[in-house]
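Scroll down for the structure; my scribbles are underneath it.
Whatever order the structure lists them in is the order used to number ligands and atoms, beginning at 1.
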Amino acid sequence: MAVSLSFRFLALAMSSSPPPDPAVKPQVAVIMGSDSDLPSLQPAVEVLQQLGVAVEVRVLSAHRTPLEMVTFAQTARRQGLRVIVAGAGGAAHLPGMVAALTTLPVIGVPVQSRALSGVDSLHSIVQMPGGIPVATVAIGGGLNAGLLAAQILAVEGGDLARRLELYRQQLHDTVVSKDARLQDLGSRDYLAQMD
Ligand code: RP5
């Protein structure tokens, strides 16, 4: 609910942004261990596209397609990529293995697994040995992974930084208007209108 609301407000805020140009080389890759991970990673893809960042989306498994994963990671910087968002579930080695093969920043997204609800994914991704960092977001945290990737790209300011400011402003305004409505209606009626 919160995610779709923030998307709606972002879409409004970004309505003046140019649509992604297919000729522009992707600066962010959103990769995942299986297509079953896509629902957790799609929020990263969407928020990046709404912010005007070109994205490449791939399925690359550390276990099922290890050689393709190695080729991707070793050539990522040469291809023009600047940040990699990597999601995986269970024995989630993809973010760590990719981080071992490139010095680009890697943001790991633990995917909610069926057996252990994503705690296995979280521990697999977050507990990296010293020297090979993976910036890990929450279980199912695709949206924040996309935003963090955009913030890394916007570290020196520019249009993308301004669009991120606008995104924050929209989040602020949403909460302020909800607070005003809560005070206006009272908590019982507010809750009823949420159903
Ligand atoms: C991991 O195994 C993937 O990242 C996925 O989360 C999990 C299950 O994959 P599927 O069996 O659904 O393809 O490598």
Closest candidate by heavy atom, reference atom 3 (C) of ligand 1, pool D37, D35, L60, D120: D37
Selection from S34, A86, G89 by shortest heavy-atom distance to atom 2 (O) of ligand 1: G89
Under-4.0 Å salt bridge between D184 and R181: no
Main-chain N/O of A99 paired to T102 side chain as donor or acceptor, under 3.5 Å: no
Nearest non-hydrogen protein atom, atom 12 (O) of ligand 1: S36 OG, 2.6 Å
Structural part of R64 in contact with ligand 1, heavy atom criterion under 4.0 angstrom: side chain
Flag if over 12 foreign heavy atoms under 6.0 Å of CD, Q193: yes
Donor-acceptor contact present, side-chain D173 to main-chain Q170, <3.5 Å: no
Any side-chain heavy-atom pair of E56 and Q27 under 4.5 Å: no
Close-contact set for ligand 1 against G33 heavy atoms, below 4.0 Å: 3 (C), 4 (O)
Per-residue contact class, A88 against ligand 1 - non-hydrogen pairs under 4.0 Å: both
